[in-house]
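Below: the structure, in structure tokens.
What you are looking at is a predicted structure, and each value in this text was computed from that prediction instead of being measured. Order of the sequence lines sets the chain letters (A, B, ...), proteins ahead of strands, with each chain counted from 1.
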Amino acid sequence: MTYGVTLERDTSFSEWRPLARRCFLAGVPPEAMEWRCSTAEASLFDTPLSLPTPRPDAQNPILRSNCLALLKSILRHADQTRFDLAYRILWRAQTEPSLAAIPLDPDIARALRMSHQIRRDAHKMEAFLRFREIGESENGRRLFLSWFEPDHYILPTVAPFFTRRFTDMDWAILTPKGSITWNGTECLITRAPCPKPDLSDTLEQLWQTYYASIFNPARIKTKAMRSEMPRKYWKNLPETRLIPQMLAQAGARVTAMATQQPQEAPQFHKRLQKRRAEKP
Amino acid sequence: MKQSLSERLAILSDAAKYDASCSSSGAGKRDSAGTKGLGSTGNGICHAYTPDGRCISLLKILLTNFCIYDCAYCINRSSSNVQRTRFTPDEVVWLTLEFYRRNYIEGLFLSSGIIRSPEDTMAQMVHVARELRQTHNFRGYIHLKTIPNASTEQLAEAGLYADRLSINVEMPTEQGLAAYAPEKKAGIIRHSMGEMQTRIEAGKERTLSGRRPPRFAPGGQSTQMIIGADTATDHDILASSSSLYSGYRLRRVYYSAFSPIPDASAILPVRPPPLLREHRLYQADWLYRFYGFQFSEITAGRPDGMLDLTLDPKLAWALANRALFPVDLNRASREMLLRVPGLGVRSVNALIATRRHKHLRLEDLARLNVSLRKVKPFVHTTGWSPARLVDQANLRQAFLPRPQQLTLF
């Protein structure tokens with residue numbers, strides 16, 4: 001008999017945990033469990049899913065702290081098979097207590113890879129999110145707004161970073177997976193998808209000036225750039241629209257430097273040299 | 001004619017880009033929670049990348065590009081005809097804060113041309129850092145370039161506000177420095193480094209009563225060498241790094257392949273060195289800092305003192321020391337596993353953690369996401385033995401890039 005649960009796509013660890021516990025207490029092995037997302041297309045042969053009833057004499061599952069941390073982490077991944085993997089690790093960890101400490105076990109290797117992807121996603125959000133100033137809030141503080149498209153459900157993960165860094169201003173971060181708002185004392189995280197706002201900030205011109213000037217045309221390494229800043233982030237960054245133009249002009253700028261004739265030194269250099277020669 | 005802020009930003013960031021350092025790490029954890037301030041530090045974050053493959057982590061600018069020194073490799077040397085300009089300290093403070101609020105940067109990396117005197121220049125830079133920290137409660141990252149010959153009090157105050165201080169040795173050898181930067185003295189640069197090292201270490205020690213001494217640049221100090229402008233070999237460069245890392249406890253030595261600049265000095269070579277050379281030097285630097293190699297080992301097998309451009313230094317070392325291979329994945333020490341080409345620190349950690357619980361097989365290696373082609377000749381385990389592969393005379397050929405037909409047109 002197959003048991004199963006239909007879940008929302010963005011189900012978090014705290015919501016999944018009681019369901020998993022109930023299935024575990026009923027003694028349902030991972031092969032007999034089906035974790036289905038509500039938005040996935042139901043196939044013709046899908047049977048309606050039902051939750052099993054726990055056995056009264058069942059033992060609570062026990063996890064070591066590193067295993068619990070790993071499960072908490074992978075439940076933030078957008079991959080819909082994460083529930084299967086998490087339940088299988090939960091099941092196996094009862095007979096293999098040190099499971100989470102074996103990085104080359106196939107299940108753990110996959111979980112670690114997912115965990116790494118989540119960390120990278122959070123790191124890139126901290127790096128590539130851009131605030132735009134939109135005026136003042138009711139309490140007289142400067143107000144900023146930003147738009148970002150994370151791959152995974154990481155808003156609770158990154159919120160402390162932003163509140164601790166941008167403490168003295170009011171801001172909101174809108175994403176397709178929810179929003180974070182901060183007013184100086186309170187941080188509010190919602191899960192409803194937000195529409196993309198239309199924003200502009202005059203300071204972006206100065207930032208673009210900086211971005212174009214700090215670039216060295218004599219060394220082109222676009223592969224290195226793309227591996228750290230993949231194209232999917234470009235559309236929301238104010239500076240990346242300059243890249244094609246910067247690359248197109250690079251060759252001519254290098255040639256100009258190479259073919260430039262030696263010029264006479266400026267007056268102030270000559271005066272300096274003269275003064276230095278006069279000094280003993 | 002007065003230039004706009006945007007024009008000056010263009011000139012003064014263009015003038016700063018030849019300094020490779022942009023790291024914003026090492027400052028420890030600090031944030032603004034519960035304060036009226038702005039900013040935090042932690043692990044460095046790269047906020048953008050330019051098409052030259054370098055990251056933008058800090059607002060890297062000069063206070064001014066006027067300079068009384070005439071260092072041949074420098075775009076701002078006094079004999080160059082570049083356009084000159086300057087920022088006021090307030091403008092630098094404003095730019096840093098506004099960029100920071102929009103999450104463009106981790107903080108400020110401020111350097112400057114030498115104007116009037118070294119003390120005068122340093123005083124202006126310290127002024128900017130003081131304004132940021134004290135007037136604006138800025139808690140982000142600050143990296144200050146130290147001017148050689150600055151006074152002791154200035155250095156102490158700079159260390160109070162800055163997370164990292166740096167001073168560039170510029171050239172790998174003293175002769176190189178004398179030839180290219182006549183006004184700079186290697187002895188004075190090293191003396192300043194030594195003084196900073198003493199203060200950095202003193203800043204970490206508590207007194208007998210457990211009190212903390214005043215803060216001094218918790219992110220340590222770093223330096224930069226220019227590669228390929230003079231005739232120094234990779235061996236000279238790495239020997240110089242070795243003495244800098246061990247003698248002054250530097251956090252980083254940056255290698256900057258000399259890059260063509262507008263209105264270049266006639267004594268510079270016409271052609272820049274291959275970028276690959278800089279890359280190989282960084283790889284050698286990594287082997288020293290994270291893999292337990294000595295610099296002398298890395299260049300030992302190279303008669304001309306230059307690193308192999310076609311193979312990475314670890315692979316080149318392994319090919320020159322084949323008697324040590326193949327190693328047993330299940331028994332080899334951590335130190336030896338770190339020396340296997342293709343295995344990085346993370347892979348070695350995973351192998352060691354796993355072999356505490358089970359016997360390693362070839363399939364486990366395949367799960368590591370490493371280049372099996374590179375690793376296999378140097379290890380053996382259940383399911384794999386390289387047999388005589390590691391002894392083959394032409395093993396080097398297997399790792400060389402495929403030869404390519406030159407284009408006819």
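- Distance check, rounded to the nearest 0.5 Å: OG of B:S32 to CE of A:M169 gives 10.5 Å.
- Interface check for chain A: of the options B:A16, B:A353, B:G140, B:G39, the most heavy-atom pairs under 4.5 Å are formed by B:G39.
- Proximity to chain A is absent for every atom of B:N369, based on heavy atoms less than 4.5 angstrom apart.
- Counting heavy atoms from C-beta on, the side chains of B:E106 and A:R165 come closer than 4.5 Å.
- Contact of the A:K221 side chain with the B:R54 side chain is not registered, since no non-hydrogen atoms from C-beta on lie closer than 4.5 Å.
- B:T35 touches chain A through its backbone: at least one of N, CA, C or O sits under 4.5 Å from a heavy atom, while the side chain does not.
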**Asked** Can you check side chain to side chain contact (heavy atoms under 4.5 Å, CB included) on A:R164 and B:R30, steps first, answer last?
**Response** CA-CA 9 Å; A:R164 285 180 190 156; B:R30 177 175 70 213; over 6 Å; no
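- Ranked by heavy-atom pairs under 4.5 Å with chain B, the first of A:L242, A:I214, A:L272, A:T209 is A:I214.
- For the set A:P103, A:A101, A:A250, A:A224, the entry with the most heavy-atom pairs within less than 4.5 Å of chain B is A:P103.
- Contact of B:I61 with chain A is made through the side chain alone, with heavy-atom distances under 4.5 Å.
- Contacts between A:Y211 and chain B at a heavy-atom distance below 4.5 Å involve backbone atoms as well as side-chain atoms.
- The contact between A:P106 and chain B is made by backbone and side chain atoms together, counting heavy-atom distances below 4.5 Å.
- Panel note: side chain B:H357, backbone A:I102; no donor-acceptor pair is recorded below 3.5 Å.
- For the residue pair B:G44 and A:H123, the shortest heavy atom distance occurs at O-CE1, 4.0 Å.
- Of residues 256-266 of chain B, those residues with a non-hydrogen atom less than 4.5 Å from any non-hydrogen atom of chain A are, in numerical order, B:S259, B:P260, B:I261, B:P262, B:D263.
- Using cut-offs of 30° and 60° for the angle between ring planes, the A:W207 and B:Y104 rings count as parallel.
- Contacts from residues 225-236 of chain A to chain B, taken as heavy-atom pairs separated by less than 4.5 Å, involve A:M225, A:E228, A:M229 in sequence order.
- Counting non-hydrogen atoms of neighbouring residues, nucleotides and ligands closer than 6.0 angstrom, the CG atom of B:N81 exceeds 12 such neighbours.
- Taking every heavy atom of both residues into account, B:A48 and A:E239 meet most closely at CB-OE2, 3.4 Å.
- With a 4.5 Å cut-off on non-hydrogen atoms, A:E126 touches chain B through its backbone and its side chain both.
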**Request:** Under the side chain to side chain contact (heavy atoms under 4.5 Å, CB included) rule, what do B:D31 and A:T167 come out as? Steps first, then yes or no, please.
**Result:** CA-CA 9 Å; B:D31 62 49; A:T167 314; over 6 Å; no
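- Counting heavy-atom pairs closer than 4.5 Å to chain A, the top-ranked of the candidates B:A33, B:G34, B:S78 is B:S78.
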**Request:** Tell me, with the steps shown, if A:F128 and B:Y49 meet side chain to side chain contact (heavy atoms under 4.5 Å, CB included).
**Result:** CA-CA 10 Å; A:F128 298 146; B:Y49 290 82; 4.2 Å; yes
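- Contact count against chain B (heavy-atom pairs under 4.5 Å) is highest for A:L129 among A:L129, A:I243, A:T222.
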**Asked** Checking side chain to side chain contact (heavy atoms under 4.5 Å, CB included) for the pair A:L206/B:L9: CA distance, chi angles, key distance, verdict?
**Response** CA-CA 8 Å; A:L206 275 179; B:L9 178 64; 3.9 Å; yes
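- Side-chain atoms of B:N103 and A:F144, non-hydrogen and from C-beta on, never get closer than 4.5 Å to each other.
- In this structure, the side chains of B:L95 and A:Y210 stay at 4.5 Å or more apart for every pair of heavy atoms.
- Between B:E98 and A:R142, at least one side-chain N (NZ, or NE/NH1/NH2) sits under 4.0 Å from a carboxylate O, which counts as a salt bridge.
- Nearest heavy atom pair, residue A:L104 against residue B:K358, reads O-NZ, 4.5 Å.
- A distance of 13.0 Å separates OG in B:S13 from CZ in A:F215, rounded to the nearest 0.5 Å.
- Looking at A:D168 and B:R101, a side-chain N of the basic residue comes within less than 4.0 Å of a carboxylate O on the acidic one, giving a salt bridge.
- Remark: A:E133 engages B:R102 in a salt bridge, criterion side-chain N to carboxylate O under 4.0 Å.
- Heavy atoms from other residues, nucleotides or ligands lying under 6.0 Å from CD1 of A:I62 number 12 at most.
- Proximity to chain A (any heavy atom under 4.5 Å) is shown, for B:L38, by both the backbone and the side chain.
- If you measure heavy-atom distances from B:C55 to chain A, you find no contacts under 4.5 Å at all.
- The side-chain heavy atoms of A:I220 and B:D52, taken from C-beta on, include no pair separated by under 4.5 Å.
- In this structure, chain B has heavy atoms under 4.5 Å from both the backbone and the side chain of A:Q263.
- For the pair B:I45/A:F161, a side-chain contact is recorded, criterion being any heavy-atom separation below 4.5 Å from C-beta on.
- When side chains are defined from C-beta on, B:S6 does not count as touching A:Q205, because their heavy atoms never get closer than 4.5 Å.
- Using a 4.5 Å cut-off between heavy atoms, B:Y18 touches chain A through its side chain atoms alone.
- In this structure, the side chains of A:N216 and B:K17 come closer than 4.5 Å at one or more pairs of heavy atoms.
- Taking B:L59, B:N43, B:L368, B:L12 one by one and counting their heavy-atom pairs under 4.5 Å with chain A, the maximum is reached by B:L59.
- Chosen from A:K270, A:M246, A:M257, the residue pairing most often with chain B at heavy-atom distances under 4.5 Å is A:M257.
- Only the backbone of B:K36 comes within contact range of chain A, with at least one heavy atom under 4.5 Å from a heavy atom of that chain.
- At a 4.5 Å heavy-atom cutoff, the contact between B:R346 and chain A is made by side-chain atoms alone.
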